[in-house]
Amino acid sequence: MESDAQEQSLQQQCLAQAGQIQTQKDKLSNNLSLAQGSATSLEQLLQQTKQAITDNLAQQDKTRSELHELEMRQADTERQIGATRTRLAARRAAYEDFIRQSYKYQPNLLEYLVSSDGLSDFVGRLAALTQIRNFGNDLIAKIRAEQSRLNDEQDQLRNDHQTALKKQDDLAKAQRDLVDAEVKAAAVLVALNDSIGAAQNELNAADSQSAELVAKIVAEQIARQNELIQQANDAAWAAAQAWLASNNATYVNSTGHSKKYPMIWAAQKGVISQGFGPTDFTMEPPGFGAPHFHTGVDVAAQSGTPIFAADDGVVATAETSMLGNQIVGYGRHVIIAHHNGVMTLYGHLDGYIVKPGDRVTQGQLIGVMGSTGMSTGPHLHFEVRVNNVPTDPSPYLPPFGPNDFKG
């Protein structure tokens, strides 16, 4: 009887330990999915960054050609200006000599006019002299006008040259930023993949270890993964910013923009299911000193709810985070860049209708709500970053939202 009780107690202990191990495995498995989603998104953004580097180099070649052409035109214009000045000086000297001769031999000219045969001949001779003098005046005026035109052209060429030089400098800086972003993202991706591999190995070995050891290993793995996930997110946003810099994005200022608020609600119907800040939801990575931090605002509503651009801007990313055939991470998502280093993300969309490089205006439809990626149900994950730092969206938005208020 005592033996049966001991055996039953041992079985209960084994079951309890197995349950504890499974709990830890579930924790690591959930965090592993988040890490895999981050790695996949980072891989896509690395490809985008590589393409941006190629595009940037092509733009630099084009700008160098533009600069060469401008410099050739500047040299040609300067030669024309020099020739025109020489011609003007010669014409002015000849004309001034003509005027001096006219006054010097004015009596002879008077005699020449008086000796004309009749009134008609007199008028003809006077008109001829007047025409000669007017022709000289007109010729000098034309040469002066030509010189003025060439001077204006030279000023314009000089301005164009300065603009092209600035563009060249901006492209060179953007290229350095792109390469830097590529190197950092690649390093994070290698570390993240190593961490994912290690976590998978630990999952496979967990059943043969003690619950205490599994808990310790899982805690260490999750802490390492969370750190790398945060770095991956930062690298992804940095890559998007570098892409924008390389593509010389220009922003529109919509006429229908809110006069009172910087942004409007991207989802104008629904309820806030999770706010910005520390959270108990273990799927969220750490941030700002908290073990789990939600970097945006979640708005829950029905799938298909329209999603609008919160502000005027340029689409930096429109993609789907995939792992094999599985949509992970932010799922289908869009990142829009705005003025002054502000960027917004729209995550877990069912679909989007914009592409990188598109200029959008506040209130423009960009997609519809869904539940793609690491999502527990239909909702929008709306995130604001300022200079790549997650920021509470609330101060940017109309109060008492979600709503369609602009003001």
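Computed from a prediction, not measured in an experiment: that's the story for all the values here.
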Q: Which pair of non-hydrogen atoms, one from Pro306 and one from Leu365, has the smallest distance, and what is that distance?
A: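 Closest heavy-atom pair between Pro306 and Leu365: CB-CD1, 3.8 Å.
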Q: I'd like to know if Asp169 and Lys166 make a salt bridge, using a cut-off of under 4.0 Å between side-chain N and carboxylate O.
A: no
Q: Identify the heavy atoms of Val299 and Ala267 that sit nearest to each other, and give their distance.
A: CG1-CB, 3.9 Å
Q: Under a 3.5 Å distance rule, please check whether Gln362 uses its side chain to pair with a backbone N or O of Ser258 as donor and acceptor.
A: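 A pair under 3.5 Å: yes.
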Q: Within this structure, what is the CD1-CD distance for the pair Ile307 and Gln268, rounded to the nearest 0.5 Å?
A: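 Taking CD1 in Ile307 and CD in Gln268, the distance rounds to 9.0 Å.
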Q: Could you go step by step and tell me if Val315 and Lys355 meet the side chain to side chain contact (heavy atoms under 4.5 Å, CB included) rule?
A: CA-CA 6 Å; Val315 177; Lys355 63 183 184 303; 5.9 Å; no
Q: Do you know the tightest heavy-atom contact between Ala164 and Leu70?
A: CB-CD1, 4.1 Å
Q: Let me know which of Leu380, Ile353, Asp350 forms a side chain to side chain contact (heavy atoms under 4.5 Å, CB included) with Val368.
A: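 Of all the options given, the one that passes is Asp350.
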Q: Taking the basic N atoms (NZ, or NE/NH1/NH2) and the acidic carboxylate oxygens, is any pair closer than 4.0 Å for Arg73 and Asp76?
A: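 So Arg73 does not pair with Asp76 through a salt bridge.
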Q: If only atom types and distance count, is the side chain of Asn56 paired as donor or acceptor with the main-chain N or O of Leu171 below 3.5 Å?
A: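 Side chain of Asn56 to backbone of Leu171: a pair is present.
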Q: Test side-chain hydrogen bond (donor to acceptor under 3.5 Å, both in side chains) on Glu383 and Thr295; report intermediate values, then the result.
A: CA-CA 6 Å; Glu383 190 167 326; Thr295 53; 3.0 Å; yes
Q: Going from CD on Gln209 to CD on Glu202, what distance comes out if it is rounded to the nearest 0.5 angstrom?
A: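 So the CD of Gln209 and the CD of Glu202 are separated by 6.0 Å.
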Q: So which of Arg158, Gln156, Gln162 actually passes side chain to side chain contact (heavy atoms under 4.5 Å, CB included) with Asp160?
A: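 Answer after filtering Arg158, Gln156, Gln162: Gln156.
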Q: For Ala316 versus Pro356, what's the shortest heavy-atom pair and its separation?
A: O-CB, 3.8 Å
Q: Donor-acceptor check, side chain of Thr344 to backbone of Val342, threshold 3.5 angstrom: yes or no?
A: no
Q: Ring-plane angle category for His381 and His294, please: parallel below 30°, perpendicular beyond 60°, tilted otherwise.
A: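 Perpendicular, since the angle between the ring planes exceeds 60°.
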Q: If we only count heavy atoms from C-beta on, is the Arg385 to Leu345 side-chain gap below 4.5 Å?
A: no
Q: Do Asn193 and Ile196 come within less than 4.5 Å of each other through their side chains, counting heavy atoms only?
A: yes
Q: For Leu397, does its backbone N or O pair with a side-chain atom of Trp265 as donor and acceptor, under 3.5 Å?
A: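 Here the side-chain-to-backbone pair does not exist.
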Q: Would you say the side-chain atoms of Asp312 and His339 include a donor-acceptor pair closer than 3.5 Å?
A: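 Asp312 vs His339: no donor-acceptor pair found between side chains.
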Q: Would you compute the distance between atom NE2 of His379 and atom CG of Leu349 and round it to the nearest 0.5 angstrom?
A: 10.0 Å
Q: Just how far is it from atom CD of Glu69 to atom CE of Met72, taken to the nearest 0.5 Å?
A: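 If I round to the nearest 0.5 Å, the distance is 9.5 Å.
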Q: Given Asp152 and Arg149, is the salt bridge (Lys or Arg N to Asp or Glu O under 4.0 Å) satisfied, shown in steps?
A: CA-CA 5 Å; Asp152 291 343; Arg149 178 187 64 79; over 6 Å; no
Q: Work out which heavy atom in Gly331 is nearest to a heavy atom in His348; give both atom names and the distance.
A: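 Heavy atoms only, the tightest pair is N-ND1, 4.5 Å.
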Q: If we count only N and O atoms by modelled type, under 3.5 Å, do the side chains of Gln168 and Thr63 hold a donor and an acceptor together?
A: no
Q: What's the spacing between His161 NE2 and Glu66 CD if we round to 0.5 Å?
A: 11.5 Å
Q: How close do Ala301 and Thr305 get, heavy atom to heavy atom, and via which atoms?
A: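 Looking at all heavy atoms of both residues, the closest pair is CB-OG1, 3.6 Å.
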Q: Determine whether a donor-acceptor pair (N or O, by modelled atom type, separation under 3.5 Å) exists between the side chain of Tyr346 and the backbone of Ala310.
A: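 It does hold such a pair.
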Q: Nearest 0.5 angstrom please: Asn388 CG to Met343 CE, how far?
A: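 Asn388 atom CG to Met343 atom CE measures 8.0 Å (nearest 0.5 Å).
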Q: Is there a side-chain contact between Phe276 and Pro393 in this structure, where contact means two heavy atoms from C-beta onward sitting under 4.5 Å apart?
A: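 A side-chain contact under 4.5 Å exists here.
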Q: Between Ser375 (side chain) and Thr372 (backbone), is there a donor-acceptor pair under 3.5 Å?
A: no
Q: Examine distances only and state if a side-chain atom of Lys260 and a backbone atom of Pro398 form a donor-acceptor pair shorter than 3.5 Å.
A: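 Side chain of Lys260 to backbone of Pro398, a donor-acceptor pair under 3.5 Å: no, none is there.
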Q: Just by modelled atom types, is the Ala191 backbone N or O under 3.5 Å from a matching donor or acceptor in the Ser195 side chain?
A: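 A pair under 3.5 Å: no.
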Q: Side chains of His338 and Tyr396: does their closest heavy-atom pair fall under 4.5 Å?
A: no
